[in-house]
Student: 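Take this structure, written in structure tokens, and hold onto it; I'll ask about it next.
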Amino acid sequence: MSQQENDAVRVRFAPSPTGHLHVGGARTALYNWLFARGRAGRFVLRIEDTDLSRSTDEAVRQIISSMRWLGLDWNEGPETGGEFGPYRQMERTELYRGAAGRLLAEGKAYHCYCTPAELEAERARARAEGRPVVYQGRCRELSVTEAQECRAEGREAVIRFRTPAAGKTVVRDRVKGDVEFDNAQLGDFIIVRSSGVPTYNFAVAVDDAAMRISHVIRGDDHLPNTPRQLLLLEALGAAAPVYAHLPLILGSDRAPLSKRHGDVSVEEFRARGFVREALNNYLALLGWSYDAETTLFSMDELVRNFSLERVGVTAAVFDNEKLLWMNGHYIREMDAAGLTVRIEEFLEDTRLAGLPGEDGRPSVGDLVPLTQEKMKTLADFVELTDFFFLPVSFEEKALAKLKKDGAARQILSTAAETLRQLDSFGIEAVETALRAAADSMELKLGKFLQPLRIALSGKLVTPGMFETLAVLGREESISRIDAALGMLAQ
RNA sequence: GCCCCCAUCGUCUAGUGGCCCAGGACACCGCCCUUUCAAGGCGGCGGCGGGGAUUCGAAUUCCCCUGGGGGCACCA
């Protein structure tokens, strides 16, 4: 292998497929992706499905779908393949079996016949006596006959790693610095279950070595596992990757972000009308910063500027408000055609599905210019424009305001009359005529337009009135005004 | 109980001994613009958890305390 290849950056994102892609996972994936992209490296997606009872194919699909949506594509992984595959751990069991066999043969691992119940009792005792909760090594030096007796009793065997009884293992972490762990605190941990399935730490060590992973960028919660993986890597004769542990993401109560804080999966944010640009940018800044000033970054800029050196050490609270602001920013920044496509994609699952553009109704593209600057999420498009497609349904507050407005009937009939007499129903013509009508009634424009807004939309908040009228068209506009007038007459 | 990590405005953060009586962004509060709501512009409020120590000088270094979090599984 050439020096060039030796130095190649190879990072991986290794989710366990037990649910949707959580924003914390998404951030980890993003940092790995950015790191690889910025250094001409390779980004590997590896599915860690050794927990048979919790892993599902559906979750694998969800995670893949979310990552694709975010634009975090991988060079090697499921559905893509690669020279170090397969990329689902349960398809790599031969590899683990071989590695475990080698450790066993070299005396670096041993069979343990203790039952789960015995181990639980041992842990309880240790806790009660205030001792570190670690395996005491009962089976560490079992003789051949003792082992035979255990098997004769019908006891099942797991394989444990023979952890050095003394000494320290130091993790040289790129974000946390050097962290020391006492080997004695680590204990002889299990590497292969009685079922023959490897445990997390073992599979990770074997795979990180086999896949030539150069940098492990992952969540903080894995820091205490790292010394075990380091020891395993050493026993396997493999070089250790560089580690970088990211602080976790918190909810507003400073507890780790979880479902009870509301939306936490990429899928949920997508369904609420967030765009990938905003989510990526926001997540990038949650735990990383470029300088004292800059908040807005394109993916390209992130790739160019991301570095482990500028990843922070403090856990960060997820702030929905800021994400929302950022989302609005990216929506405003899009060109009309691009935004139209995003909205059309988004609309597929909403109550407006199929409506825009049908039967002479306005299309999404017609409405984008009237709504773009008001939207914070794609979902806002629905709230802002549904009255163009659906029968007017009055919001309670809007209706009350309309009824309370003593001038409303006069305004509405004047407006209807004015609109009826127009030659053209373009925005300018409508505006000129209505401004003149407001003048003639000696009303401020806002005062004049508000009853009209409510009559046309049933809402207090809508796109600009002149644009709305023009899109609605003369016939529909006048009929809605007449309907409101009829209602007020009762 | 044991091991480990962390601590600057409400939130995300800049800050690596003097450039900081701490800068930016979101949120909040005013004002301006305005057909509603947003957006935008201008201005404001607001912070170095506590205690020691080192130093001419500490947000920045060290120690202790307090507070948060992670781990100690045949989960990952």
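Keep in mind that the numbers below use all heavy atoms, side chains included, and drop hydrogens, waters and symmetry copies. The chains referred to below are lettered A, B, ... by the order of the sequence lines, with proteins before strands, and numbering in each begins at 1.
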Student: By the 4.0 Å heavy-atom rule, please label A:Gly287 as base, sugar-phosphate, or nothing.
Tutor: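 Sugar-phosphate contact only.
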
Student: Could you list the donor-acceptor pairs under 3.5 angstrom formed between side-chain atoms of residues 439-452 of chain A and any protein atom two or more places apart in sequence or on another chain?
Tutor:
{"from": "A:Ser440", "atom 1": "OG", "to": "A:Ala437", "atom 2": "O", "distance (Å)": "2.6"}
{"from": "A:Lys447", "atom 1": "NZ", "to": "A:Asp405", "atom 2": "OD1", "distance (Å)": "3.4"}
{"from": "A:Gln450", "atom 1": "OE1", "to": "A:Arg453", "atom 2": "NE", "distance (Å)": "2.9"}

Student: Is there a donor and acceptor pair closer than 3.5 Å between the side chain of A:Ser194 and the base of B:C74?
Tutor: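 Present.
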
Student: Output the single nucleotide from B:U35, B:A38, B:U36 whose closest atom is nearest the side chain of A:Glu467.
Tutor: B:U35

Student: Look at all strands and tell whether A:Thr295 reaches a base, only sugar-phosphate, or nothing, counting heavy atoms closer than 4.0 Å.
Tutor: sugar-phosphate

Student: Taking the six-membered ring for Trp, are the ring centroids of A:Trp288 and A:Phe306 within less than 6.0 Å of each other?
Tutor: yes

Student: Using a heavy-atom cut-off of 4.0 Å across all strands, would you classify A:Lys459 as base, sugar-phosphate, or nothing?
Tutor: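 Touches nothing.
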
Student: So does A:Glu156 pair up with A:Arg151, basic N to acidic O under 4.0 Å?
Tutor: no

Student: Taking donor-acceptor contacts at under 3.5 Å, does the side chain of A:Asn225 reach the base of B:A76?
Tutor: yes

Student: Does a side-chain N-to-carboxylate-O contact under 4.0 Å join A:Asp220 and A:Lys176?
Tutor: yes

Student: Counting any heavy atom closer than 4.0 Å, what does A:Glu180 reach on the DNA or RNA strands: base, sugar-phosphate only, or nothing?
Tutor: sugar-phosphate

Student: Give me the distances for all protein-to-nucleotides 40-46 of chain B N/O pairs that come in under 3.5 Å?
Tutor:
none

Student: Counting any heavy atom closer than 4.0 Å, what does A:His245 reach on the DNA or RNA strands: base, sugar-phosphate only, or nothing?
Tutor: nothing

Student: Does B:A14 have its OP1 or OP2 closer than 4.0 Å to a side-chain nitrogen or oxygen of A:Ser289?
Tutor: yes

Student: Just checking A:Leu434: base, sugar-phosphate only, or nothing, at a heavy-atom cut-off of under 4.0 Å?
Tutor: nothing

Student: In chain order, what residues pass the salt bridge (charged side-chain N to carboxylate O under 4.0 Å, His left out) check against A:Arg218, with sequence neighbours excluded?
Tutor: none

Student: Answer with base, sugar-phosphate or nothing: what part of the nucleic acid does A:Glu48 contact at a heavy-atom distance below 4.0 Å?
Tutor: sugar-phosphate

Student: So that I know where these two stand, are A:Phe389 and A:Phe381 an aromatic pair - ring centroids less than 6.0 Å apart?
Tutor: no

Student: From C-beta outward on A:Gln450, which listed nucleotide comes closest to its side chain: B:U36, B:G70, B:A38?
Tutor: B:U36

Student: Between B:U35, B:A76, B:C12, which nucleotide gets closest to the side-chain atoms of A:Val317?
Tutor: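 Ranking B:U35, B:A76, B:C12 by closest atom to the A:Val317 side chain puts B:C12 first.
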
Student: Select one nucleotide: of B:C26, B:C4, B:A76, the one nearest the side-chain heavy atoms of A:Leu223.
Tutor: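 Of B:C26, B:C4, B:A76, B:C4 is nearest to the side chain of A:Leu223.
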
Student: Checking all strands, does A:Val133 fall into the base, sugar-phosphate, or nothing category for heavy-atom contacts under 4.0 angstrom?
Tutor: base

Student: Could you tell me which nucleotide pairs with B:G1 by Watson-Crick or G-U wobble geometry, both distances under 3.5 Å, or answer none if nothing does?
Tutor: B:C72

Student: In the structure shown, which nucleotide is the Watson-Crick or G-U wobble counterpart of B:A25, with both distances under 3.5 Å?
Tutor: B:U11

Student: Nearest of B:U35, B:A76, B:G24 to any side-chain atom of A:Arg453?
Tutor: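 Shortest atom-to-atom distance from the side chain points to B:U35.
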
Student: Between A:His222 and A:Tyr200, is the ring centre distance below 6.0 Å?
Tutor: yes

Student: Under 4.0 angstrom, heavy atoms only, what part of the nucleic acid is A:Cys114 near: base, sugar-phosphate, or nothing?
Tutor: base

Student: Closest approach to the side chain of A:Arg254, judged atom by atom: which nucleotide of B:G70, B:C74, B:U11 is it?
Tutor: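 Taking heavy atoms from C-beta onward, the closest nucleotide is B:U11.
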
Student: How is A:Phe318 classified with respect to the nucleic acid when contacts are heavy atoms under 4.0 Å: base, sugar-phosphate, or nothing?
Tutor: nothing

Student: Using Watson-Crick or G-U wobble geometry with both distances under 3.5 Å, which nucleotide pairs with B:U16?
Tutor: none

Student: Are A:Asp207 and A:Tyr96 close enough that a side-chain donor and a side-chain acceptor fall under 3.5 Å?
Tutor: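 Checked: A:Asp207/A:Tyr96 side chains pair up, N/O donor to acceptor below 3.5 Å.
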
Student: Inspect the contact between A:Glu118 and A:Arg155 and indicate whether a charged nitrogen and a carboxylate oxygen are less than 4.0 angstrom apart.
Tutor: yes

Student: Have a look at A:Leu285 and say if it touches a base, only the backbone sugar-phosphate, or nothing, with a 4.0 Å heavy-atom cut-off.
Tutor: sugar-phosphate

Student: Side chain of A:Val313 only, heavy atoms from C-beta on: which candidate in B:A76, B:U35, B:C6 is closest?
Tutor: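 For the A:Val313 side chain, the nearest candidate turns out to be B:C6.
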
Student: What's A:Arg310 touching, base or sugar-phosphate or nothing? Going by heavy atoms closer than 4.0 Å.
Tutor: sugar-phosphate

Student: Under 4.0 Å: is that the gap between some side-chain N or O of A:Arg123 and OP1 or OP2 of B:C74?
Tutor: yes

Student: Quick check on B:U35: is either OP1 or OP2 less than 4.0 Å from any side-chain nitrogen or oxygen of A:Arg435?
Tutor: yes

Student: Which heavy atom of A:Arg332 sits nearest to which heavy atom of A:Trp325, and what is that distance?
Tutor: NH2-O, 4.2 Å

Student: Strictly below 4.0 Å: does A:Lys444 bring a side-chain N or O up to OP1 or OP2 of B:U34?
Tutor: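 For B:U34, neither OP1 nor OP2 has a side-chain N or O of A:Lys444 closer than 4.0 Å.
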
Student: Which base, if any, makes a Watson-Crick or G-U wobble pair with B:U34, both distances under 3.5 Å?
Tutor: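 B:U34 is unpaired by these criteria.
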
Student: Would you mind classifying the nucleic acid contact of A:Thr314 as base, sugar-phosphate or nothing, using non-hydrogen atoms under 4.0 angstrom?
Tutor: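 Contact class for A:Thr314: sugar-phosphate only.
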
Student: Quick one: label A:Thr50 by what it contacts on the DNA or RNA (base, sugar-phosphate, nothing), any heavy atom closer than 4.0 Å.
Tutor: sugar-phosphate

Student: Should A:Arg27 be listed as having a side-chain N or O under 4.0 Å from OP1 or OP2 of B:C12?
Tutor: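 Looking at the OP1 and OP2 atoms of B:C12, neither is under 4.0 Å from any side-chain N or O of A:Arg27.
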
Student: Any donor-acceptor pair under 3.5 Å joining the side chain of A:Lys374 to the base of B:A39?
Tutor: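 Per atom types, no contact qualifies.
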
